[in-house]
Every structure is written in C-alpha cells, then in structure tokens.
Chemist: 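I am attaching a structure below and will ask some questions about it afterwards.
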Amino acid sequence: MAKKTVKYMLTAFRDGFQSVVGARVLSKDFLPCVEEAYDAGVRWFEAGGGARFQSCYFYCQEDAFDVMDAFRKAAPEADLQTLSRGVNVVGLESQSSDMIKLHADMFKKHGMSSIRNFDALNDVNNLKWSGQCIHDAGLKHEVTVTMMGLPPGIDNKGTHTPEFYRDRLKLIMDAGIPFDRVCFKDASGTSTPATVYNTMKLARQLLGNDVHIQFHSHETAGNGISCYLAALKGGADGIDLSMAPMSGGTCQPDIITMWHCLDGDPDFQFDFDINKIKKAEDSFKNAMKKYFLPPEAMNVNPQIVWSPMPGGALTANTQMLRDNNMMDKYDDMIAEMYDCVRLGGFGTSVTPVSQFYAQQAIQNVMFGKFKKFAPGYAKMVLGYFGKTPVPPDPEIVKKASEFMASSDLNKAYSEPTTKTVLEMNDADPKKGGAVAKKMLEDAGLPVTDENIFIAASCLEKGILFLKDPSKAPMGCRFAEDEKPAAAKGGAVTVTINGKAYGVELKGDKAVVNGKEVAFKAEAGLKAAPAAAAAPAGGQEVKAPVPGMVLRVTAQNGQSVAKGDELLVMDVMKMETPITATCDGVVTISVAATDKVATGDVVAVIA
C-alpha cells in the first residue's frame, strides 16, 4: 500500500512567536525567513491572527495589516492562514456581529486565504456567525474543536473525552456551519495519545474520507510527537509544525524532528526536501539570535498537566510578568491554575479562557484565593462568554457575582446569564462599529475600515498606536537587553523619580555620577523600607500592583469622593481601576503609558 503524504502547516511565524516570545517579533527580522521557507517548498503558513494581531500594536510599533500585506508578498502562492477565536476574533473581549464580519473582510483584503476558527468553550453558538462570515468573505474556514487534558484528580464529568469531542463536531455539523477543513486544537499539549487517536477515529467516522482533518498540539508536556503519531494513525491528514528556535518546548514539534520521526515509517511520509528545510531553519535561527528566548519556553514541563497552561499563553504571561517585575510570582501562578480550571466550568485552556485562568491565578496569588476576581474569569463563570462545558462551581459563581456587583465598572455583568454572546454584544452600547468610529473621530484619526477594526479590538492601545506608532510601547525583548549591565560592559544611566544617575560597576565598587561608592548586590528581593508618610494635608494613592497606566479619568484639581475612579491601569491585560481613598481634591502624578510599580504614588488627595 502506498504511503500517505502528510500535509503540514508551518506555524513558526505565528504560533511559534506567540509560544516562545509572547508574539513580540518585528516583521523586518522574520520576513526574509518567510521568503526562504517559501523557496524551500513550504506552501502553507500560519501568518497572523491570534495574539500576533494585538501584539503588533501593543509591543512592536507595527500595523498588523501592513505585516499581512508583506507576508503575502513574501509567499505569493501559499495558503496563508490566521487564527480566530470565534466571537472574540483576535481579542480577549468578544465582539459584535458587525466587527466579526469586518474581521473576515479585512483579513481577506490583506492577503489571507484561510482562517482557523475556534471557541475555547466549544460553544457552537460562538462559531455560527463567525464561521459564516469567514465563508462569505471567500476564505477557507477551518472549523475547530478545542481539546485539553483535565488535571489529574478531577472528575471529567463526561467532558474532554473522545466522545465529547465527537459530539462537539456533530453539533457543528448539525448547525449547518460552512467549513472546508476540521481542526482539533490542543493548545496546552495535555491530551494523551490515546485520547487523540480515538478522537481522530470518531471524527473520521463522522466526516467520511474526503474532509481534511488537521491536528494541532504543543510539546509543553513532552508528548507532542507521540500525539502527532497517534493523530496520523487515527486518521488525521495534517499536523502543525514549527522551526527552531520557535519549536519544541512550549511550541509545536520541530519540522525536522517530525521528519526524522517518520523517516522509514511504512505508512507516512513528507514530500519536502529536508536539506532545503534545514537551510531555512538555520537562517531562521540566525535571524532570531537577537531576541531573548525565555528559558521557560525552551523546556518541556511534565508537571504542566496539573495546570494546563498553553504555550501561547504561558510565554505571553511570563513576558508580562517580566514587564511588571513579577516573575517571582510565576510558580505560584501556575500552581493556582489547578483550582481555576477545576472550579471554572472546564473551558478549554486556550485563549481567551487560558488567559482568564492565568489572570484569576495571579489574583489568587496576590490577594488570596478567590478574594478578588479577574473580570474575564468572573464573566466566564457567569455566562458572558457562552456556555461552559459543565456548570461552574456554584460558590465561585456567587462570589464572582458579588465581586462584579461591587464595582460600577463591572456591575452590568454581575448577574448570571444564558443569553448568547452575540445577543448581548449587539445590544451593548459600548461595542460595535459606531463606537469604534467615535473613538477615531474623538482622537482626530482617519475613519477607515482598518482603523475601525483596530479601535474595536485594541481599544485605547490601538488609538495610541494610530496617533503615533513611534510613541506606542516597544515590548520586544532582545538578548542584549536581558544581560546584566556589568556583563554588557560600560556605564548605564538609572533614572529614579525623575533624577538621572550615571552608574558604572567596577568590581565591588560603583561609580555614581563620578563619585566612587561601595555597594552590595544580593540575589532575590528584600522587603522595602516603610514608605514615607504622605505630605501634610494630603493622602497618597498608591498602585496596588505593578502595571501600565492605561488612561487617567480624573483631572488635576477635581473634587472627588471616596471610591471615585481616578485612573485605570493595565495589569496582565486586565483593566484595574484605581479609586479615591478619601474625599478631597486630587492631584494626579502619572500619565497614560507610564509604568508603575507596587507602592508607587499615582495621585495625592488633599
């Protein structure tokens, strides 16, 4: 019997970036590598969407639509696929019907040819309209069932089994959603090979022999290759592969590793020239040398099965932890994932649900277990992102409802709901094209379809970029920047509270502003001394956690009452309002885009 040629999509330039460096890579550094991979024979690329869309504006000072256009030029005849999160499309917040349609239209306009479309809750209602829009735009629709292994010791209650995934696929088929391919996506890499094999067998029985089945996994837990073999033997037609250094670890298996795995296999083969692929991978490795590769992204973590954090969320979160000087909380955050999954309704740990799990885990670490709620997690257990596979824990639902009701910002989302996401979003006066258009007009920006979508999906950060890309945050982490100052050599300038200090380290001495002083450096963080008392006649308002100032809502000299919102911080992609601690007249001491540390004074009320 003839061998089956395995089809593959190269994920290095989308999921590879997301899973290793939090999607923070400049297009000028990787587009030549796209060209070389195309010349090596690759004809199916993951080219954008998912976290790569927002990261262009949040961290790279680039326009995602321009990057898509350039990707098409680099791979003119390839199938360029992007990733969409159902009703969330390419953001953490869900969108209205008009924005979901605009997403498909704009991605088609800017050179994309396929969209993989999934819902983290496997709620078919979240795939109906998004799938129809993808089809109507003339794009191939790769409809997706999301998978994960539940942490050991948790009763699956009939979910996340081969039969559960088959039934999700049947619901998609019965709903009449148009699709061209089917994907089973395990973003955390925690499914077992047996589950994968049996899922593919059941799916093939449902679909017949003519529909393409793709399987996606990660090496995070160490069984990615085993699951890929199981998928192929179970009836899958294709798999997702990446290239070093954006492969293995928290990413997809490497294309060369998988080639080696199938070399001599009696049933399966690839049709590429491995020497050309090796050359393309060598070039990619060389191009990526300038970037800091987080150590947690480069290794297998067998214990991730207890806390199923997907590769794409893991490094996105560790990059944000680094941004906020909170990496010491990483291990505790991962440990807290267990209960967030166990009590939250068993949504698949893939964006945005994986981010909700991570955000709630960090809340548990910082403030105590379920003492405070990440708004995304609270909204999920209350039903605002669709129906979870099983009902969330009733006590968690009660606590989430009470927490949301305690804040004017979240009060509208405090009652549990069974409405569909689109039903709610289309009636929400804060969502949709008209709202995005007004944001642009208020900022004096051109009203184009592209800008409307950027404003709707990226909100204030999108507007900040559109006003002046050079003033948007640059969040790419380069290897040179991560070296200690002494390792780089030369002097550095340290600015503290607006005052600059020239510092040069010389053995056990430091030269500070030209004067030699003794210093002592120790590993770890020591408790800071007690802060000085607030100025006479004024009460300081301090940042409770590290983050970036997203917007300032109060004006200097404004009279405020205790509990009034003064500003909003962006903390791990969560909007965190900072409120007045007393009545009085406020003086704001920060501005939008300022980074603040825990305990920094952000305002004084006199």
Chemist: Counting N and O atoms only, with roles assigned by atom type, does the side chain of Ser307 sit under 3.5 Å from a partner on the main chain of Gln303, one being a donor and the other an acceptor?
Modeler: no

Chemist: side-chain contact (heavy atoms from CB on, under 4.5 Å) between Arg181 and Ile213: does it pass, once the steps are laid out?
Modeler: CA-CA 6 Å; Arg181 297 189 290 255; Ile213 298 176; over 6 Å; no

Chemist: Using only atom types and a distance under 3.5 Å, with no angle test, would you say the side chain of Asp339 pairs donor to acceptor with the backbone of Arg342?
Modeler: no

Chemist: State yes or no: are the ring centers of Trp129 and His103 separated by less than 6.0 Å?
Modeler: no

Chemist: Check side chain to side chain donor-acceptor pair (under 3.5 Å) between Ser97 and all other residues, then give those that pass, not counting sequence neighbours.
Modeler: Asp426

Chemist: If you look only at pairs with a residue in residues 110-122, which of them pass as a salt bridge (Lys or Arg N to Asp or Glu O under 4.0 Å), with sequence neighbours excluded?
Modeler: Arg116-Glu142, Arg116-Asp240

Chemist: Between Leu10 and Trp44, is there a side-chain heavy-atom distance shorter than 4.5 Å?
Modeler: no

Chemist: Side-chain donor-acceptor pairs under 3.5 Å in residues 83-92, sequence neighbours left out?
Modeler:
unit_1, atom_1, unit_2, atom_2, d
Arg85, NH1, Gly91, O, 3.3
Asn88, ND2, Leu92, O, 2.6

Chemist: What pairs meet the salt bridge (Lys or Arg N to Asp or Glu O under 4.0 Å) rule with one or both residues in residues 47-57, with sequence neighbours excluded?
Modeler: none

Chemist: May I have the step-by-step check of side-chain contact (heavy atoms from CB on, under 4.5 Å) for Phe270 and Leu262, ending in yes or no?
Modeler: CA-CA 8 Å; Phe270 288 112; Leu262 295 184; 3.6 Å; yes

Chemist: Students often mix this up, so state it plainly: with edges at 30° and 60°, are the rings of Phe478 and Tyr291 parallel, tilted or perpendicular?
Modeler: tilted

Chemist: Please determine whether side-chain contact (heavy atoms from CB on, under 4.5 Å) holds for the pair Ser349 and Met337, giving the CA-CA distance in whole Å, both sets of side-chain angles, and the decisive distance to 0.1 Å.
Modeler: CA-CA 10 Å; Ser349 191; Met337 284 276 292; 4.1 Å; yes

Chemist: Check the side chains of Gln214 and His212 for a donor-acceptor pair under 3.5 angstrom, ignoring hydrogens and angles.
Modeler: yes

Chemist: How would you list all residue pairs meeting salt bridge (Lys or Arg N to Asp or Glu O under 4.0 Å) that involve residues 277-304, not counting sequence neighbours?
Modeler: Asp29-Lys290, Glu36-Lys279, Lys278-Asp282, Glu296-Arg322

Chemist: Taking the side chain as C-beta and beyond, is there a heavy-atom pair between Val25 and Cys60 under 4.5 Å?
Modeler: no

Chemist: Is there a side-chain contact between Ile454 and Asp63 in this structure, where contact means two heavy atoms from C-beta onward sitting under 4.5 Å apart?
Modeler: yes

Chemist: Just how far is it from atom OG of Ser114 to atom CZ of Phe107, taken to the nearest 0.5 Å?
Modeler: 13.0 Å

Chemist: Can you measure from CZ (Phe385) to CG (Asp123) and round to the nearest 0.5 angstrom?
Modeler: 12.5 Å

Chemist: Verify whether the ring centers belonging to Phe30 and Phe284 lie closer than 6.0 Å.
Modeler: no

Chemist: For Pro392, check side-chain contact (heavy atoms from CB on, under 4.5 Å) against everything at least two apart and list the hits.
Modeler: Val381, Thr388, Val397

Chemist: Could you note down all residue pairs passing side chain to side chain donor-acceptor pair (under 3.5 Å) where residues 64-75 supplies at least one of them, sequence neighbours left out?
Modeler: Asp69-His110

Chemist: Is the backbone N or O of Ala456 less than 3.5 Å from a side-chain atom of Gln95, with the two atoms forming a donor-acceptor pair by type?
Modeler: yes

Chemist: Is Asp332 salt-bridged to Lys329, cutoff N-O under 4.0 Å?
Modeler: no

Chemist: With rounding to the nearest 0.5 Å, note down the distance linking CZ in Arg551 to OG1 in Thr593.
Modeler: 14.0 Å

Chemist: Salt bridge or not for Lys461 and Asp570, using N-O below 4.0 Å?
Modeler: yes

Chemist: Could you go step by step and tell me if Ser242 and Ser247 meet the side-chain hydrogen bond (donor to acceptor under 3.5 Å, both in side chains) rule?
Modeler: CA-CA 5 Å; Ser242 193; Ser247 62; 5.4 Å; no

Chemist: Verify, without hydrogens or angle tests, whether Asn122 (side chain) and Arg168 (backbone) share a donor-acceptor contact under 3.5 angstrom.
Modeler: no

Chemist: Tell me if a side-chain donor or acceptor on Thr195 pairs with a main-chain N or O of Ser191 at a distance below 3.5 Å.
Modeler: no

Chemist: Check whether any side-chain N or O of Asn223 sits under 3.5 Å from a backbone N or O of Thr192 as a donor-acceptor pair, and report yes or no.
Modeler: no

Chemist: Any side-chain heavy atom of Thr220 sitting closer than 4.5 Å to one from Val300?
Modeler: no

Chemist: Would you say that more than 12 heavy atoms from the other residues, nucleotides or ligands in this model lie under 6.0 Å from the NE2 of His135, or not?
Modeler: no

Chemist: Is the side chain of Glu460 donor-acceptor paired with the backbone N or O of Leu550 at a distance under 3.5 Å, no angle test?
Modeler: no

Chemist: So, for Phe356 and Tyr377, is the gap between ring centers shorter than 6.0 Å?
Modeler: no

Chemist: So, for Phe453 and Phe53, is the gap between ring centers shorter than 6.0 Å?
Modeler: yes

Chemist: Which pairs pass ring pair (Phe, Tyr, Trp, His ring centres under 6.0 Å) with one or both residues in residues 326-350, sequence neighbours excluded?
Modeler: none

Chemist: Taking side chain as C-beta onward, heavy atoms only, is Cys56 less than 4.5 Å from Val67?
Modeler: yes

Chemist: Is there a donor-acceptor pair under 3.5 Å between the side chain of Gln18 and the backbone N or O of Gly50?
Modeler: no

Chemist: Checking side-chain polar atoms at under 3.5 Å, does His216 have a donor or acceptor matched by the opposite partner on Asp186?
Modeler: no

Chemist: Would a distance-only check, ignoring hydrogens and angles, find a side-chain to backbone donor-acceptor pair under 3.5 Å from Thr348 to Met148?
Modeler: no

Chemist: Please list all pairs meeting ring pair (Phe, Tyr, Trp, His ring centres under 6.0 Å) that have one or both residues in residues 292-328, counting only residues at least two apart or in different chains.
Modeler: none

Chemist: Counting N and O atoms only, with roles assigned by atom type, does the side chain of Glu219 sit under 3.5 Å from a partner on the main chain of Gly224, one being a donor and the other an acceptor?
Modeler: yes

Chemist: Are Phe45 and Asp79 close enough that some pair of their side-chain heavy atoms sits under 4.5 Å apart?
Modeler: no

Chemist: Looking at residues at least two apart in the chain, or sitting in another chain, which of them share a side chain to side chain donor-acceptor pair (under 3.5 Å) with Lys101?
Modeler: Asp105

Chemist: If I take atom CZ from residue Phe164 and atom NE2 from residue His160, how far apart are they, to the nearest 0.5 angstrom?
Modeler: 5.5 Å

Chemist: As a quick check of understanding, evaluate side-chain contact (heavy atoms from CB on, under 4.5 Å) for Ile274 and Ile256, giving each step before the final call.
Modeler: CA-CA 7 Å; Ile274 189 59; Ile256 294 177; 4.1 Å; yes

Chemist: First locate atom NE2 of His218, then atom CD1 of Ile304, and finally report the distance between them rounded to the nearest 0.5 Å.
Modeler: 12.0 Å

Chemist: What pairs with Glu46 under salt bridge (charged side-chain N to carboxylate O under 4.0 Å, His left out), at least two apart in sequence or on another chain?
Modeler: Arg14

Chemist: With the side chain counted from C-beta on, respond yes when Ile134 and Gln132 share a heavy-atom pair under 4.5 Å apart, and no when they do not.
Modeler: no

Chemist: Mind jotting down which residue pairs meet the salt bridge (Lys or Arg N to Asp or Glu O under 4.0 Å) criterion with at least one end in residues 248-259? Sequence neighbours excluded, please.
Modeler: none

Chemist: Let me confirm one number: the CG-OG1 distance from Asn117 to Thr82, rounded to the nearest 0.5 Å.
Modeler: 9.5 Å

Chemist: State, with a plain yes or no, whether a side-chain heavy atom of Met298 is found less than 4.5 Å away from one of Val20.
Modeler: yes

